[in-house]
Amino acid sequence: MTTSPDLSAAQLSLRLAVSSLEKDVAQLGWDRSPSLFAFVYTKSVFPQLASEMDPVQADQLREALSENPLHLTAVLQDHLPPADLMETLGHLVFGEDVAGVAVAMERFLVSPQADAEAPTDPKEREKFLLAHPSRQDVRIVAGATRDGNTWCASRARAEDSDEMVAQGENIVPELLEVLKAMLVSDEELAQLASEPGSAAVSQAD
């Protein structure tokens with residue numbers, strides 16, 4: 001991934017974290033359920049991480065942390081149902097111990113012509129689009145931090161290579177807005193926790 005000298009440490013940290021997470025998820029293969037991750041500052045979990053690494057890996061992580069104190073580590077939170085993903089995410093919140101969140105999910109794209117020709121009935125439409133020759137399967141990893149930074153990485157199944165991953169700030173704008181809304185203050189978290197039927201209160205495992 002190329003970086004710009006104009007990036008802030010926070011922006012660089014998120015971009016590197018999303019890029020690294022996308023590669024890790026890619027190693028697991030395709031046809032997987034969406035996954036939710038929490039980003040935590042590596043400095044807060046470094047002792048635990050280092051104890052689980054070999055000395056060379058620990059030294060590499062220590063060096064990365066010394067170069068950027070805002071270095072982020074992704075922590076898997078849960079695998080989510082593909083249906084109603086946005087609604088599910090809308091019921092989850094994280095307090096200030098979590099610096100950001102990310103979602104890895106698979107979607108398919110079709111040509112504008114196929115989209116226009118698809119039936120209006122939801123079930124028939126999905127069946128039509130899934131079988132269309134223009135269909136392209138993609139995996140998207142989207143991340144946001146509580147300072148407002150966002151970054152996404154997108155990989156096509158037909159071009160399943162690290163060199164072919166597309167990246168950008170706003171690939172899935174609606175999802176990014178949902179992710180940003182999940183990051184609340186500790187005060188808001190305490191208030192939500194006291195309200196019956198409120199959003200699920202989460203913290204990084």
Side-chain angles (χ1 to χ4, degrees), residues 14 17-18 21-22 24-40 74-95 97-112 114-132 134-146 148-157 165-185 188-189 191-205:
L14 177 60
V18 168
L21 177 58
E22 192 282 328
D24 289 343
V25 172
Q27 292 180 358
L28 301 176
W30 292 85
D31 303 316
R32 301 182 65 85
S33 298
S35 298
L36 174 65
F37 299 84
F39 284 135
V40 297
V75 181
L76 176 64
Q77 299 300 293
D78 204 355
H79 297 292
L80 306 172
D84 302 320
L85 174 62
M86 301 286 271
E87 182 178 351
T88 300
L89 293 174
H91 288 82
L92 299 173
V93 291
F94 291 88
D97 60 326
V98 170
V101 289
V103 166
M105 64 179 187
E106 295 180 15
R107 288 291 183 266
F108 67 88
L109 306 175
V110 295
S111 67
D115 189 59
E117 295 173 350
T120 55
D121 178 79
K123 290 185 178 180
E124 291 298 318
R125 180 181 179 82
E126 182 178 14
K127 182 178 179 181
F128 174 87
L129 294 176
L130 284 171
H132 199 275
S134 71
R135 169 184 166 180
Q136 295 186 51
D137 294 337
V138 297
R139 182 192 302 110
I140 299 171
V141 176
T145 50
R146 59 178 61 249
N149 289 315
T150 59
W151 196 246
C152 307
S154 176
R155 180 188 299 248
R157 190 195 288 255
V165 175
Q167 303 197 45
E169 287 184 326
N170 207 32
I171 293 178
V172 281
E174 291 185 7
L175 175 59
L176 291 171
E177 288 302 315
V178 171
L179 295 181
K180 288 191 286 186
M182 294 167 63
L183 301 167
V184 301
S185 68
E188 291 174 301
L189 192 68
Q191 182 177 357
L192 287 169
S194 66
E195 296 175 357
S198 62
V201 177
S202 305
Q203 53 185 208
D205 294 334

>> Run the salt bridge (charged side-chain N to carboxylate O under 4.0 Å, His left out) test on E106 and R32 for me, step by step, so that the C-alpha distance in whole Å, both residues' side-chain angles and the decisive distance to 0.1 Å come before the verdict.
In response: CA-CA 7 Å; E106 295 180 15; R32 301 182 65 85; over 6 Å; no
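- Among residues two or more places apart in sequence or in another chain, the ring-ring contact (aromatic ring centres under 6.0 Å, His included) test is passed with F108 by none.
- Under the 3.5 Å distance criterion, the side-chain polar atoms of R146 are matched with a main-chain donor or acceptor of V98.
- F94 places a side-chain heavy atom less than 4.5 Å from the side chain of V101.
- T150 contributes a side-chain N or O that, together with a main-chain N or O of E169, makes up a donor-acceptor pair within less than 3.5 Å.
- Between the side chains of Q167 and W151, at least one donor-acceptor pair of N or O atoms lies under 3.5 Å.
- Distance check, rounded to the nearest 0.5 Å: OG1 of T88 to NE2 of H91 gives 8.0 Å.
- Counting heavy atoms from C-beta on, the side chains of I171 and L176 never come closer than 4.5 Å.
- The side-chain hydrogen bond (donor to acceptor under 3.5 Å, both in side chains) test applied to R125 returns D115, not counting sequence neighbours.
- With sequence neighbours left out, E177 forms a salt bridge (charged side-chain N to carboxylate O under 4.0 Å, His left out) with K180.
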>> Does L36 form a side-chain contact (heavy atoms from CB on, under 4.5 Å) with L92? I'd like the steps, not just the answer.
In response: CA-CA 10 Å; L36 174 65; L92 299 173; 3.7 Å; yes
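- Side chains of S35 and L76 form a contact here, defined as non-hydrogen atoms less than 4.5 Å apart.
- Considering all non-hydrogen atoms of both residues, L85 and R107 come closest at CD2-NH2, 3.7 Å.
- Annotation: salt bridge (charged side-chain N to carboxylate O under 4.0 Å, His left out) contacts of E124 (sequence neighbours excluded): none.
- For the pair D121 (side chain) and K123 (backbone), a donor-acceptor distance under 3.5 Å is present.
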Can you list, pair by pair, the side-chain donor-acceptor contacts under 3.5 Å of residues 135-142, counting residues two or more places apart and other chains?
unit_1	atom_1	unit_2	atom_2	d
R135	NE	D137	OD1	2.8
R135	NH1	L130	O	3.0
R135	NH2	D137	OD1	3.0
R135	NH2	D137	OD2	3.3
D137	OD2	R157	NE	3.1
R139	NH2	G29	O	3.1

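- The closest side-chain heavy-atom distance from L175 to M105 is below 4.5 Å.
- The side-chain hydrogen bond (donor to acceptor under 3.5 Å, both in side chains) test applied to S33 returns no partner, not counting sequence neighbours.
- In plain terms, the two heavy atoms of L179 and A144 that are nearest each other are CB-CB, 4.0 Å.
- The shortest distance between side-chain heavy atoms of V18 and F39 falls below 4.5 Å.
- The backbone N or O of V75 sits less than 3.5 Å from a side-chain atom of Q77, completing a donor-acceptor pair.
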